[in-house]
Amino acid sequence: MIKTIDRFLDRLTMYRLILYYLMALVATALVFGFAGLVPHDPVALAFTTALALAACWIANKVFARVFEVPANSESVYITALILALILDPVAVTDLAGIGAVAFACVWAISSKFIFAVGRKHLFNPAALGVALSAFLLDKPATWWVGGNLWLLPVVLVGGILIVRKLRRLDLFATFVAVALATILATTDPTQYGVALKETLTSSPLLFFAFVMLTEPLTAPTTRLPRIAFAAIVGFLFAPNIHIGSFYFTPELALLAGNLFAYAAGPRGRFVLTLERIERSAVDSYDFIFRSQRKLAFQAGQYLEWTLGLDRSDNRGNRRYFTIASAPTEETVRLGVKFYPESSAFKRELMTLKPGDRIHAAQLAGSFTLPAKPDTKIAFLAGGIGITPFRSMLQHLVDRKERRPIVILYGTEGQQDIAYRDVLGAARRELGIRTVHAVARGGERGQYPGYIDERLIRLAIPDYLERTFYISGPQAMVKALRQKLRAMGVRRSRIKVDYFPGFA
């Protein structure tokens with residue numbers, strides 16, 4: 001069952017999954033509205049949704065043009081649908097209500113540009129929009145999507161898929177646990193049952209956690225800061241928490257957490273200028289960029305890359321890619337493999353010329369070298385999955401740092417082997433050996449076929465003493481992880497290269 005779900009999720013980007021989830025909630029609410037199961041006029045809900053979409057789209061176009069950054073349509077639609085689900089629907093004749101919705105939309109979108117430090121927006125857009133609407137217009141969010149029992153199954157099913165896609169169970173669980181614990185701690189013990197029931201079935205707790213809390217641009221990307229962020233927001237989310245006469249609302253709790261996330265996480269969005277393109281293997285190219293400011297990262301981490309697309313496809317105009325360059329290099333290298341039916345993003349990427357720009361943000365990832373230099377390591381790479389290892393190896397070569405590493409590199413053919421220069425330098429200068437597993441056309445000294453148990457036992461006799469790093473096509477990563485577990489390798493000694501939005 002889990003494998004089937006993962007295969008389904010792998011076909012969707014993170015943004016597209018959230019967009020579909022919100023669309024499903026709005027559509028379900030409309031149907032239930034006609035049936036009288038949702039206490040809102042479905043016509044007013046439809047009008048409010050259309051109004052929010054239009055206001056957010058126009059505002060985004062204007063701000064993107066003024067600030068000269070790529071406009072992301074999926075992000076705009078997500079923000080608009082969230083606002084439609086948490087603000088009270090307004091009728092066509094309610095001019096004050098229409099103004100309040102438009103006001104919240106414009107401020108939500110503007111937060112991505114105006115309230116930004118280093119080109120990275122500071123606050124969750126929807127949370128800021130409704131907070132300002134409540135403070136300045138006395139039009140607070142009612143979070144009605146979380147207070148309806150009929151919508152709860154859709155909220156739960158879609159939300160669980162989002163948490164699974166993002167691998168953010170730690171974030172979700174910490175927030176819910178702290179919020180519930182705080183609610184119980186501030187409630188009369190005789191009312192515990194009522195408090196739990198109301199919180200889980202008639203409050204925005206779950207929708208807020210699934211959609212708002214997990215928003216990647218305003219949440220920490222590393223584990224410990226992420227858990228602290230969830231705990232802070234969960235504590236402030238509890239309705240009885242207050243400072244004097246000031247009580248926190250869900251959106252204010254999140255905005256406070258956003259400030260912590262900014263302080264605890266990597267700052268800024270980078271504008272990178274293309275310097276040149278190099279071919280690394282058949283159908284694989286490296287795009288080498290110059291950055292306006294130094295990009296500080298650890299070898300093996302990834303970035304979210306954004307291109308302005310006139311016509312996007314279902315994968316959107318944002319993609320996650322590992323940084324192929326080393327922290328010691330002056331340029332930023334992006335390694336990409338192209339397929340006959342490549343996405344709109346990759347097609348646009350291939351049209352870039354020296355001098356063109358791309359935006360990058362959300363530096364993250366724990367697929368990095370261990371702190372202890374004497375830790376025995378095995379790199380298992382498949383195809384273009386060699387990119388994080390290229391970053392690590394070049395970093396070690398530049399620092400002249402020797403580590404006990406063995407590399408198994410699987411490719412379909414000779415022409416698919418990338419970064420021969422770096423692999424060669426690692427062998428000559430650091431004694432790091434690479435064993436090539438070539439499925440077709442293997443040469444003398446290479447292993448015929450794919451990376452399998454036999455090769456692991458032959459090339460790495462001390463494999464039970466090593467920490468394995470696996471990067472490549474997801475099917476390969478999953479298969480090798482299972483194989484290593486069957487061979488007796490402890491789960492804690494297996495690291496896989498994962499980042500959100502695999503599709």
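This structure is a prediction, so every number in the text was calculated from the model and none was measured.
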Just wondering, more than 12 heavy atoms not from Arg485 lying within 6.0 Å of its CZ?
-> yes

Minimal non-hydrogen separation, Phe297 against Pro327, with atom names | O-CG, 3.3 Å

Would you mind reporting whether Leu484 and Ile470 have side-chain heavy atoms less than 4.5 Å apart?
-> yes

Is there a donor-acceptor pair under 3.5 Å between the side chain of Ser391 and the backbone N or O of Ser325?
-> yes

Taking the inter-plane angle between the rings of Phe63 and Phe113 on a 0 to 90° scale, is it parallel (under 30°), tilted (30 to 60°) or perpendicular (over 60°)?
-> parallel

If only atom types and distance count, is the side chain of Tyr469 paired as donor or acceptor with the main-chain N or O of Ala381 below 3.5 Å?
-> no

Aromatic centroids of Phe210 and Phe175 separated by under 6.0 Å = no

Gap separating the OG atom of Ser133 from the CD1 atom of Ile86, nearest 0.5 angstrom = 10.0 Å

Mark yes or no for whether Arg466, through its side chain, and Ile377, through its backbone, hold a donor-acceptor pair below 3.5 Å.
-> yes

Verdict with reasoning, Ile494 to Leu480, per side-chain contact (heavy atoms from CB on, under 4.5 Å) = CA-CA 10 Å; Ile494 303 174; Leu480 286 177; over 6 Å; no

Measure the CG-CG distance between Leu87 and Leu45 for me, rounded to the nearest 0.5 Å.
-> 11.5 Å

Taking Trp305 for its side chain and His359 for its backbone only, find out whether a donor-acceptor pair lies under 3.5 Å.
-> no

Would you find more than 12 non-hydrogen atoms of other residues, nucleotides or ligands less than 6.0 Å from Tyr192 atom OH?
-> yes

Under the 3.5 angstrom rule, does the side chain of Lys346 hit a backbone N or O of Lys337 as a donor-acceptor pair?
-> yes

Check whether any side-chain N or O of Ser111 sits under 3.5 Å from a backbone N or O of Ala108 as a donor-acceptor pair, and report yes or no.
-> yes

Any chance you could measure Met392, atom CE, to Glu401, atom CD, to the nearest 0.5 Å?
-> 12.5 Å

Take atom CG of Asp138 as the centre, draw a 6.0 Å sphere, and report whether it contains more than 12 heavy atoms from other residues, nucleotides or ligands.
-> no

Does any N or O in the side chain of Ser291 come within less than 3.5 Å of the main-chain N or O of Lys294, such that one atom is a donor and the other an acceptor?
-> no

Would you please test Arg226 and Asp170 for side-chain contact (heavy atoms from CB on, under 4.5 Å) and show each step?
-> CA-CA 8 Å; Arg226 188 165 64 235; Asp170 56 352; 2.9 Å; yes

Tell me, yes or no, whether the heavy-atom count around Lys495 atom NZ, taken from other residues, nucleotides or ligands under 6.0 Å, exceeds 12.
-> yes

Between Trp107 and Leu132, is there a donor-acceptor pair closer than 3.5 Å when you use the side chain of the first and the backbone of the second?
-> no

Which of Leu334, Asp356, Leu274 passes side-chain contact (heavy atoms from CB on, under 4.5 Å) with Leu349? It is Leu334

Any side-chain heavy atom of Thr79 within less than 4.5 Å of one from Lys112?
-> yes

Could you walk me through whether Leu295 and Ile323 pass side-chain contact (heavy atoms from CB on, under 4.5 Å), step by step?
-> CA-CA 11 Å; Leu295 177 59; Ile323 304 169; 4.2 Å; yes

To the nearest 0.5 Å, what is the distance between CD1 (Ile162) and OH (Tyr21)?
-> 5.5 Å

Side chains of Met23 and Tyr77: closer than 4.5 Å at any heavy-atom pair?
-> no

Nearest 0.5 Å, what's the CZ-CZ distance between Arg164 and Phe8?
-> 13.5 Å

Are the side chains of Phe345 and Phe321 in touch, meaning some heavy atoms are under 4.5 Å apart?
-> yes

Above 12 or not: heavy atoms from other molecules or residues under 6.0 Å from CZ of Phe32?
-> yes

Do Ser75 and Asn60 have side-chain heavy atoms sitting under 4.5 Å apart?
-> no

Please work out which of the three classes, parallel, tilted or perpendicular, describes the rings of Phe287 and Phe289, given edges at 30° and 60°.
-> parallel

So, does Asn258 use its side chain to make a donor-acceptor pair with the main chain of Thr218 at under 3.5 Å?
-> yes

Does Asn148 reach the main-chain N or O of Leu37 with its side chain, forming a donor-acceptor pair under 3.5 Å?
-> yes

Would you call Trp144 and Val38 a side-chain contact if the rule is heavy atoms closer than 4.5 Å?
-> yes

Considering all heavy atoms of both residues, which atom of Asn124 and which atom of Leu255 are nearest to each other, and what is their separation?
-> O-CD2, 4.2 Å

Test log, rule side-chain contact (heavy atoms from CB on, under 4.5 Å), inputs His40 and Asp88 | CA-CA 8 Å; His40 290 297; Asp88 262 344; 3.2 Å; yes

Distance in Å, Asp398 CG paired with Glu329 CD, rounded so as to fall on 0.5 Å steps = 6.0 Å

Is atom NZ of Lys478 surrounded by more than 12 heavy atoms (other residues, nucleotides or ligands) closer than 6.0 Å?
-> yes

Does any non-hydrogen side-chain atom of Phe208 lie less than 4.5 Å from one of Ser203?
-> no

Looking at side-chain heavy atoms only, is the closest gap between Leu259 and Phe123 below 4.5 Å?
-> yes

